[in-house]
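Okay, structure first, notes after.
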Amino acid sequence: MLMITGATGALGKLVTARLADRADVVIGSRAPAPGGRRVDFDDPASLDFGGVDTLLVISAGAAEDDVVVARHEAAISAAEKAGVRHLVYTSLSGDGDHLTYALAHRWTERRLRRSSMNWTILRNGLYAEFLAAIAAPGPDGTIAAPLGDGRLAAVARDDLAEVAARVATDPAPHAGRTYELIGEQALGGKDLAEAIHGAYEPGTLAATREAITAAAQALPFQIPMLLSTYSAIAGGFLDGTGVEDRGALRTLLGRQPRPPIEAYRAALQGS
Ligand SMILES: NC(=O)c1ccc[n+]([C@@H]2O[C@H](COP(=O)([O-])OP(=O)(O)OC[C@H]3O[C@@H](n4cnc5c(N)ncnc54)[C@H](OP(=O)(O)O)[C@@H]3O)[C@@H](O)[C@H]2O)c1
């Protein structure tokens with residue numbers, strides 16, 4: 001049996017949709033649909049992985065490091081206790097080490113490498129859809145996100161879902177492997193603006209920091225999370241050039257990745 005946690009998140013939904021016709025797949029979520037199991041990493045009593053051979057753990061949301069680490073520790077130790085044979089974890093690409101949210105991912109990877117289970121780490125690059133959230137045009141069509149001249153090797157979320165579904169349904173060949181799943185084309189502000197027939201007039205990180213802080217109903221981790229994303233892109237860390245095996249996404253998909261610019265455009269249109 002394969003269980004997918006976080007099945008009602010954006011990535012989880014795409015994974016489960018691909019596996020909807022399989023009787024051996026169980027959906028785990030904090031709010032599962034009928035037939036699924038309630039799985040909440042914050043509630044150890046809900047972590048019943050009995051009968052599960054493979055567990056696909058979709059990283060558990062954005063939160064402070066200690067919260068995410070505790071969630072992932074709870075999930076991994078419950079999986080070990082239940083005799084899960086293989087755990088597949090959706091992590092963050094290696095070039096994302098400068099992002100404030102990298103720590104919890106790296107902690108989880110280290111915990112898995114020490115675990116008694118087989119494991120596979122899917123180091124997901126930042127989604128093109130995420131880029132649509134942080135670099136959307138204003139009402140006049142101008143993108144003002146502080147990306148400077150930096151570019152992001154963004155990935156269509158659906159490509160990452162397809163890889164996760166493939167690996168989780170046939171995990172044995174992927175045991176002990178860590179895959180860097182970043183896009184092949186890096187997108188900068190000018191590329192985004194061109195695709196939507198808009199303009200790119202990058203703001204400064206300082207102005208963005210001020211605006212976010214002033215607007216904030218933000219939780220403490222959210223401001224550094226967003227700012228580190230902008231500064232890592234602007235600093236050139238996420239353009240893909242720092243990743244050695246840039247072909248893993250194409251290899252695991254068995255085809256060319258979806259153009260991230262299309263995923264960006266579709267996300268802006270809400271489709
Ligand atoms: N690569 C990127 O660009 C990017 C961008 C944003 C986030 N992420 C990371 O990738 C993950 C999946 O992305 P997404 O787009 O699907 O994010 P999302 O739509 O925000 O979904 C959040 C996910 O976190 C799970 N979650 C939250 N709290 C949990 C808990 N206490 N126990 C178990 N699961 C919990 C949710 O599961 P249920 O609601 O089903 O319980 C859901 O799968 C995120 O959680 C985040 O860690 C990556």
Side-chain angles (χ1 to χ4, degrees), residues 3-18 26-33 36-49 55-79 87-97 99-109 121-135 152-165 168 179-183 187 219 221-222 225-226 228-230 232-233 238 240 243 249 257 260 263-264 267:
M3 182 188 271
I4 300 160
T5 76
T8 63
L11 181 66
K13 267 190 208 149
L14 294 170
V15 175
T16 52
R18 292 181 174 281
V26 176
I27 286 177
S29 172
R30 288 167 301 170
R37 285 195 206 171
R38 193 176 84 82
V39 172
D40 181 346
F41 299 161
D42 290 329
D43 176 10
S46 74
L47 302 182
D48 171 12
F49 299 134
L55 187 67
L56 171 61
V57 172
I58 293 189
S59 57
E64 299 292 348
D65 288 345
D66 53 340
V67 175
V68 181
V69 163
R71 285 178 181 164
H72 292 174
E73 167 58 28
I76 293 170
S77 56
L87 193 150
V88 180
Y89 172 66
T90 64
S91 187
L92 170 70
S93 56
D95 58 2
D97 275 341
L99 300 165
T100 55
Y101 38 103
L103 185 144
H105 286 293
R106 301 294 173 250
W107 184 93
T108 307
E109 293 183 0
I121 293 165
L122 303 176
R123 283 185 159 186
N124 290 348
L126 295 187
Y127 312 141
E129 292 82 353
F130 183 50
L131 198 49
I134 65 166
L152 171 67
V155 199
R157 194 193 262 120
D158 203 25
D159 277 351
L160 296 170
E162 188 170 334
V163 169
Y179 296 113
E180 296 285 349
L181 303 172
I182 61 163
L187 302 175
L219 295 168
F221 69 90
Q222 286 174 323
M225 176 178 247
L226 187 58
S228 72
T229 304
Y230 287 130
I233 296 173
L238 298 178
V243 171
L249 181 65
Y264 171 80

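As the structure lists them, so they are numbered: ligands from 1, and atoms in each ligand from 1.
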Distance under 4.0 Å to a non-hydrogen atom of [X]: what atoms of ligand 1 satisfy this?
X      : answer
Ser59  : 9 (C), 10 (O), 11 (C), 24 (O), 44 (C), 45 (O), 46 (C), 47 (O)
Asp40  : 30 (C), 31 (N), 32 (N)
Arg71  : 28 (N), 31 (N)
Asp42  : 31 (N)
Ser29  : 38 (P), 40 (O), 41 (O)
Leu126 : 1 (N), 2 (C), 3 (O)
Arg157 : 15 (O)

Ligand 1 to [X] polar contact by distance, N or O atoms, under 3.5 Å:
X      : answer
Thr8   : yes
Ala10  : yes
Gly125 : yes
Phe41  : yes
Gly12  : no

Please step through side chain to side chain contact (heavy atoms under 4.5 Å, CB included) for the pair Met3 and Phe49, ending with a clear verdict. CA-CA 8 Å; Met3 182 188 271; Phe49 299 134; 3.7 Å; yes
So do the side chains of Tyr89 and Ile58 get within less than 4.5 Å of each other, counting heavy atoms only?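 Answer no - side chains too far apart.
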What protein heavy atom lies closest to atom 16 (O) of ligand 1? Include the residue and the distance to one decimal.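 Sorting protein heavy atoms by distance from atom 16 (O) of ligand 1 puts Leu11 N, 2.7 Å first.
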Protein heavy-atom partner closest to atom 43 (O) of ligand 1 - residue, atom, separation in Å: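 Checking every protein heavy atom, the shortest distance to atom 43 (O) of ligand 1 gives Gly6 O, 2.8 Å.
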Where does [X] meet ligand 1, judged by heavy-atom distances below 4.0 Å: at the side chain, the backbone, both, or neither?
X      : result
Ile58  : side chain
Glu129 : neither
Ala7   : backbone
Tyr127 : both

Only heavy atoms count here, so choose which of Ala60, Ala133, Ala154, Ser93 is nearest to atom 35 (C) of ligand 1.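 That would be Ala60.
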Side-chain donor-acceptor pair under 3.5 Å between Glu180 and Ser93, yes or no?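 Judged by distance alone, the side chains do not pair up.
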Are side-chain N/O atoms of Ser228 and Tyr101 paired as donor and acceptor at under 3.5 Å?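 No.
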For Lys13 and ligand 1, answer yes if some heavy atom of the residue is under 4.0 Å from a ligand atom, otherwise no.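 No.
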Sub-4.0 Å heavy-atom approach of Pro32 to ligand 1: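 Outside the 4.0 Å threshold, so no.
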Using the rule given for side chain to side chain contact (heavy atoms under 4.5 Å, CB included), can you reason through Thr108 versus Val57, listing the C-alpha separation, both sets of side-chain angles and the distance that settles it, and then say yes or no? CA-CA 11 Å; Thr108 307; Val57 172; over 6 Å; no
Under 4.0 Å from atom 1 (N) of ligand 1, is there any protein heavy atom?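 There is a protein heavy atom less than 4.0 Å from atom 1 (N) of ligand 1.
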Parallel, tilted or perpendicular for His72 and Phe41, by the 30°/60° rule?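 The rings of His72 and Phe41 stand perpendicular, inter-plane angle above 60°.
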